[in-house]
Amino acid sequence: MSERASSLSGASGTELLRLSGVRKSFGDHVVLREVDLTIEPGQCVVLIGASGSGKSTLLRCVNLLEVVDDGVITFEGRDITDPQVDGDEVRSRMGMVFQAYNLFPHLDVIGNVTLALRLVHGVEAREARSRGLAMLDRVGLSEKALARPDDLSGGQQQRVAIARALVANPRLMLLDEVTSALDPELVGEVLDLLTELKGEGVTMLLNTHEMGFARDVADQVCFLHDGRIHERGSPDQVIGDPQEERTRAFLSRIRA
Amino acid sequence: MSEQLTGQVAEDWRPSEVQRERDEWRRRRTLRSAVIAAGSTLLLLGGLGGAVVSSPGWQRVQETYFDWDKAVSSFPAVLEGLWLNIRVMIVCWILILVLSLTVAIVRTLRGPVAFPLRLLGTAYVDVFRGLPLLLVIFLLGFGGPALGLSGMPRSPLFWGGLALVLSYSAYVAEVFRAGIESVHPSQRLAGRSLGLSYGQTLRHVVLPQAWRRVIPPLMNDLVSLQKDSGLIAVLGVSDAIRKAQIETALDFNYTPYVVAGVLFCCLTIPMARLTDRYARKKGYHGAGGLL
Ligand SMILES: Nc1ncnc2c1ncn2[C@@H]1O[C@H](COP(=O)(O)OP(=O)(O)OP(=O)(O)O)[C@@H](O)[C@H]1O
Ligand SMILES: [Mg+2]
């Protein structure tokens, strides 16, 4: 694990990801108006905001699954919004986890975890398998390696999805509401895993409705509203003592 | 240890009064349904058979269509013809799978570069789904050799097979396309987010899932191809139907056609049952429609 931690903080001092003036709309509907954001290596940045405020859209823009309408995203010092950039290569250096897990139902658990290692990172099958098993062990699922995703509980599926995103040592993890599809008693196991990853120095950009978790794990909390980051700061500041009226209204609504 | 435990629990268990009554009732009902089913089947078949056999023309029909000696004497020739049908079917089926999968993939490509290909694929599917198979066989079977294209065989078998492949691929391509489009877009997203290219995502994520879903309708089309392979007889290819025709012409006894029919059924019925079983196992309800 220390190997990954050091590779993640390799570019220490300079930011890993920077968004400046990012704009994204679907038809007439402007979702992101002008988003500015930076993440240092090893940091955990948590996006909060109402449903439909564009949190998922923002993560997908960073992962180049959506093309921005304007603005610049730099990742590891390179402008990845440049149309000449190889999107597949950029995505292979990030790990993305989806709300609905999106595991591949036709592959077993180890097959899910090792697919990208073999196809994208050119890791030979045996080596991929042992790295996959080590990663499954890491998320506490080594005995489920040969199970089908559909035979796992929601919490187990989401941990497999995290293992799948993490196995190729991504520089940045993007996690899109990874607990909101889970039964309440399963949320804890996934959040505990994320807290451990944070402790190992994995850089994370995530959005969540779990304010308690956000307070524990975030280095920076960003409240997304009206296509902009309306308020940002430490969790104690933004969640504990919000300055903006909108932020207070949002927080009181989800606490109610 | 735990096995012993569960074993003991199972031995201790005695069905309650209520459960014994339920079991008894179910047993009686099963027996009664079986008796009713057997009785009504016998009645129906007996009635139909009686009606046919007692009809005024039965004597003549039996002589011309169900002549046992004629059946035995024509059997080897018809069977030999059927072997050709089987070979045609296998070769055509492989070509159909390749061509239709290609067309289906082309039709799901996006972006302006793929536009002409997409247009071509759509036009092909529309035209060949619109043309009756027999018409395609006539057009290609007689027109193809007449073209005298250098390097192209002139045999009616080749052109008849080509007609089958072109006609069927148009249908099967639509089956594949429906399968590809039935895979949820979030699967593509997941593949791409791992850094897989468009092609890798298609090959390793989308197609394996689509393939599973289309197996029942594909098997259905294979059953249909088995019998339609007999249509190339109209080109004079000596398949089972053509052989039966030749045998029939000797003495105007139509029994060889019945022999051919029985042989075709021997091919298609097991396949159809297999399709049915597979589909039911997978909880798929679309394939049973024609069976
Ligand atoms: N592919 C798309 N086409 C059209 N509109 C879209 C698309 N994706 C998202 N939107 C719209 O963009 C807005 C923001 O969506 P997004 O999923 O980013 O919100 P969110 O903040 O993640 O919400 P939630 O908390 O409910 O997940 C919504 O109004 C949504 O309808
Ligand atoms: Mg969302």
Side-chain angles (χ1 to χ4, degrees), chain A residues 56-57 59-67 86-108 111-123 148-150 157-158 160-176 181, chain B residues 1-3 97 101 104-105 108-115 175-219 278-287:
Chain A
S56 303
T57 305
L59 294 185
R60 285 152 60 129
C61 287
V62 171
N63 204 211
L64 302 185
L65 294 171
E66 300 281 3
V67 179
D86 176 4
D88 294 335
E89 198 270 333
V90 171
R91 278 185 290 268
S92 75
R93 301 161 77 77
M94 300 182 187
M96 176 119 180
V97 184
F98 300 88
Q99 181 175 359
Y101 336 130
N102 299 9
L103 294 177
F104 305 130
H106 61 293
L107 299 176
D108 55 15
N112 268 273
V113 175
T114 55
L115 186 71
L117 277 183
R118 292 187 291 112
L119 294 180
V120 180
H121 301 274
V123 178
R148 293 275 155 178
D150 288 344
Q157 291 190 48
Q158 195 57 291
V160 173
I162 291 170
R164 179 176 73 176
L166 206 53
V167 73
N169 295 340
R171 300 295 178 275
L172 173 67
M173 285 287 280
L174 304 168
L175 302 125
D176 189 2
Chain B
M1 180 70 197
S2 67
E3 264 175 34
L97 287 182
L101 189 57
I105 290 173
T108 55
L109 291 180
R110 269 160 293 162
V113 183
F115 178 76
V175 171
F176 273 125
R177 191 165 72 110
I180 290 172
E181 283 172 1
S182 77
V183 176
H184 198 270
S186 65
Q187 288 286 310
R188 279 180 196 262
L189 275 189
R192 297 307 297 276
S193 80
L194 288 170
L196 271 64
S197 67
Y198 183 92
Q200 285 174 322
T201 305
L202 189 68
R203 159 80 183 78
H204 295 277
V205 175
V206 177
L207 286 183
Q209 295 182 52
W211 176 250
R212 269 149 221 246
R213 286 177 212 188
V214 299
I215 284 178
L218 283 185
M219 286 167 85
Y278 181 86
R280 208 162 291 156
K281 208 175 82 194
K282 294 281 166 188
Y284 183 97
H285 301 294

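Lettering follows sequence order; numbering is per chain, from 1. Here the structure is a predicted model, which means the values were calculated and not measured.
Looking at Arg60(A), only its side chain comes within 4.5 Å of chain B, counting heavy atoms on both sides. Looking at Leu119(A), both its backbone and its side chain come within 4.5 Å of chain B, counting heavy atoms on both sides.
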Listing, residues 99-108 of chain A side-chain donor-acceptor contacts under 3.5 Å, not counting sequence neighbours, or none:
from      : atom 1 : to        : atom 2 : distance (Å)
Gln99(A)  : NE2    : Ser180(A) : OG     : 2.8
Asn102(A) : ND2    : Ser186(B) : O      : 3.1
His106(A) : ND1    : Gln209(B) : NE2    : 3.4
His106(A) : NE2    : His204(B) : O      : 2.8
Asp108(A) : OD1    : Gly111(A) : N      : 2.8

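No donor-acceptor pair under 3.5 Å is formed between the side chain of Arg192(B) and the backbone N or O of Leu65(A).
Under the 4.5 Å side-chain criterion, counting only non-hydrogen atoms from C-beta, Pro149(A) is in contact with Asn112(A). Residues Val123(A) and Thr114(A) fail the side-chain proximity criterion, which asks for heavy atoms closer than 4.5 Å. For the pair Arg188(B) and Val206(B), the minimum side-chain heavy-atom distance is below 4.5 Å.
Atom CZ of Arg203(B) has 12 or fewer heavy atoms from other residues, nucleotides or ligands within 6.0 Å.
A donor-acceptor contact closer than 3.5 angstrom is absent between the side chains of Asp88(A) and Ser197(B).
Within residues 176-184 of chain B, no residue has any heavy atom closer than 4.5 Å to a heavy atom of chain A.
Interface check for chain A: of the options Pro208(B), Ser193(B), Gly191(B), Ala190(B), the most heavy-atom pairs under 4.5 Å are formed by Ser193(B).
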